[in-house]
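Bear in mind that the values here come from a model prediction, so they are computed numbers and not experimental data. Naming convention: chains lettered A, B, ... in sequence-line order (proteins, then strands); numbering from 1 in each chain.
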2 protein chains.
Amino acid sequence: MKLTPTMQKFVLHWGEMGWKWGISRAVAQVHALLMLAPKPLPADEIAETLGVARSNVSTSLKELGGWGLVRTVHVFGDRREHFETLGDVWEMFLIILRERKKRELDPTLAALRACSAAIKDGGKEEAPAAGHAAARIAELADFIELTSAWAERGAALSPAAARRLCALGDKVFRLVG
Amino acid sequence: MKLTPTMQKFVLHWGEMGWKWGISRAVAQVHALLMLAPKPLPADEIAETLGVARSNVSTSLKELGGWGLVRTVHVFGDRREHFETLGDVWEMFLIILRERKKRELDPTLAALRACSAAIKDGGKEEAPAAGHAAARIAELADFIELTSAWAERGAALSPAAARRLCALGDKVFRLVG
DNA sequence: CCGTTGTTTCTGTAATTACTGAAATAACAA
DNA sequence: TTGTTATTTCAGTAATTACAGAAACAACGG
């Protein structure tokens with residue numbers, strides 16, 4: 001697949017964007033390419049188009065698969081696996097929301113709760129933390145819990161519902177002045 | 001400032017969490033420590049407590065300052081600067097939201113719009129992209145624009161209003177079924 | 001003015017992370 | 001089976017990033 005200059009720019013930007021959000025550059029670039037492609041691509045074509053090693057693409061595709069962002073497709077008369085990404089941006093967004101909640105919010109919340117508990121019944125070893133620090137940790141835990149609950153509800157929406165919610169715009173915010 | 005085992009664990013976890021969100025580990029740890037501290041701390045005490053080089057703390061504090069997450073305080077009879085972080089978790093959250101929108105969403109949106117424009121009036125050089133790829137990029141641009149608008153409104157809320165909105169919970173989501 | 005104390009910037013090094021190319025594995029056809 | 005093609009794993013290397021320590025700088029007191 002030949003990339004026009006603009007398509008190259010897009011792939012580069014998406015790679016950068018993903019990078020800032022803690023996703024490896026290569027992974028994000030593969031994803032970008034699959035979004036642009038009008039049909040599923042085999043791994044070696046991805047490698048060639050992006051100018052990276054075949055093995056690198058394999059790893060990236062596996063990671064994207066782990067997120068549920070790409071799936072494999074089989075083409076008649078071709079033994080190679082072909083890869084495509086989801087068609088709907090909203091669906092991708094919801095998947096990422098779900099995954100990040102599971103991978104980052106949930107473990108953090110568990111850790112904070114454990115800290116809170118340890119301080120509460122930690123005897124004199126923890127005494128110096130019992131005041132301000134304990135309050136602070138509890139506060140954070142509550143915050144993450146709320147965030148988590150919101151993420152969960154949000155992630156449970158259908159793409160269509162999420163779209164509608166966003167379209168509501170102002171109305172939601174006026175609820176709380 | 002002496003850390004209890006639990007406080008150490010908290011600092012470590014927060015560092016890890018920040019790390020996953022694209023913030024340097026050291027920066028996140030300094031931030032964690034300042035949240036725990038009952039009063040503003042001077043840089044050298046932070047360095048000693050965390051067991052990192054003084055210069056490292058200086059850099060981290062500067063970055064946190066750039067985010068607006070710490071401010072300096074002067075203590076009577078002490079020439080050193082003391083540092084503290086914001087008292088309200090919600091306020092911190094809103095600051096981070098604002099900053100990330102500005103640093104990541106805005107530039108990405110600009111890049112995507114530029115890509116769209118380039119494809120539209122790019123002559124035959126861009127012709128192969130005019131179909132599927134162009135549609136996909138435009139779709140993404142629209143999506144990020146909506147996200148951006150939401151983030152902007154959200155970030156404009158007062159901490160109290162944000163709290164209220166979160167407390168509304170289910171009600172919001174029931175709006176869109 | 002000089003000496004002291006606190007802070008930042010800079011440079012080299014250590015540690016991490018990303019990536020390639022080769023080797024191993026698997027899937028299939030003849 | 002054996003040869004062929006697709007894919008993954010792995011080990012070594014390149015590139016990046018984080019960090020410590022030194023040097024430079026700034027603020028202040030004498």
query = To the side chain of A/Ser58, which of D/dT8, C/dT20, C/dT7 is closest?
reply = D/dT8

inquiry  = In whole Å, I'd like the distance from the CD atom of B/Glu63 to the P atom of C/dT8.
reply    = 14 Å

inquiry  = Check this for me: B/Gln8, atom CD, are more than 12 non-hydrogen atoms of other residues, nucleotides or ligands nearer than 6.0 Å?
reply    = yes

inquiry  = Over 60° means perpendicular and under 30° means parallel, so tell me whether A/Trp14 and A/His31 are parallel, tilted or perpendicular.
reply    = tilted

query = Could you run down nucleotides 11-19 of chain D 5' to 3' and tag each one B, S or - for protein heavy-atom contact under 4.0 Å?
reply = ------SSS

inquiry  = For B/Lys9, I'd like to know if atom NZ has over 12 heavy atoms of other residues, nucleotides or ligands within 6.0 Å.
reply    = no

ask   = Looking at residues 28-48 of chain B, who's got a heavy atom less than 4.0 Å off DNA chain C?
value = none

task = Check for a donor-acceptor pair, side chain of A/Arg164 on one end and backbone N or O of B/Val176 on the other, with a separation under 3.5 Å.
result = yes

ask   = To the nearest angstrom, how far is B/Arg54 atom CZ from C/dT8 atom C1'?
value = 8 Å

request  = Using whole Å, report how far CG of A/Leu61 lies from P of D/dT7.
outcome  = 10 Å

task = Identify, with sequence neighbours excluded, every residue that meets ring pair (Phe, Tyr, Trp, His ring centres under 6.0 Å) alongside A/Phe93.
result = B/Phe143

query = Quick one: A/Arg80 CZ to D/dT4 P, roughly how many Å, whole number?
reply = 19 Å

ask   = Taking atom P of D/dT8 as reference, at what distance in whole Å does atom CG of A/Leu64 sit?
value = 13 Å

remark   = Considering only heavy side-chain atoms of B/Ser55, the closest of C/dG6, D/dA20, D/dT9 is D/dA20

Residue pair A/Phe173, B/Leu157: steps toward the side-chain contact (heavy atoms from CB on, under 4.5 Å) verdict = CA-CA 8 Å; A/Phe173 289 97; B/Leu157 293 175; 4.0 Å; yes

inquiry  = Without decimals, in angstroms, what is the distance between A/His74 NE2 and D/dT7 C1'?
reply    = 12 Å

query = Would one find a side-chain N or O of B/Lys62 under 4.0 angstrom from OP1 or OP2 of C/dT9?
reply = yes

Which atom pairs, one a donor and one an acceptor, fall under 3.5 Å between side chains of residues 108-120 of chain B and the rest of the protein, sequence neighbours left out?
residue	atom	partner	partner atom	Å
B/Thr108	OG1	B/Glu104	O	2.7
B/Arg113	NH2	B/Asp142	OD1	3.4
B/Arg113	NH2	B/Glu145	OE1	2.4

query = What string of B, S and - do you get for nucleotides 24-30 of chain C, 5' to 3', when a contact is any protein heavy atom under 4.0 Å?
reply = ---BS--

key: Value in whole Å for how far the C1' atom of D/dA27 lies from CD of B/Glu81   = 11 Å

ask   = Of all residues at least two apart in sequence or in a different chain, which pass the ring pair (Phe, Tyr, Trp, His ring centres under 6.0 Å) check with A/Trp67?
value = none

query = Any ion pair linking B/Lys39 and B/Glu84 (charged N to carboxylate O, less than 4.0 Å)?
reply = no

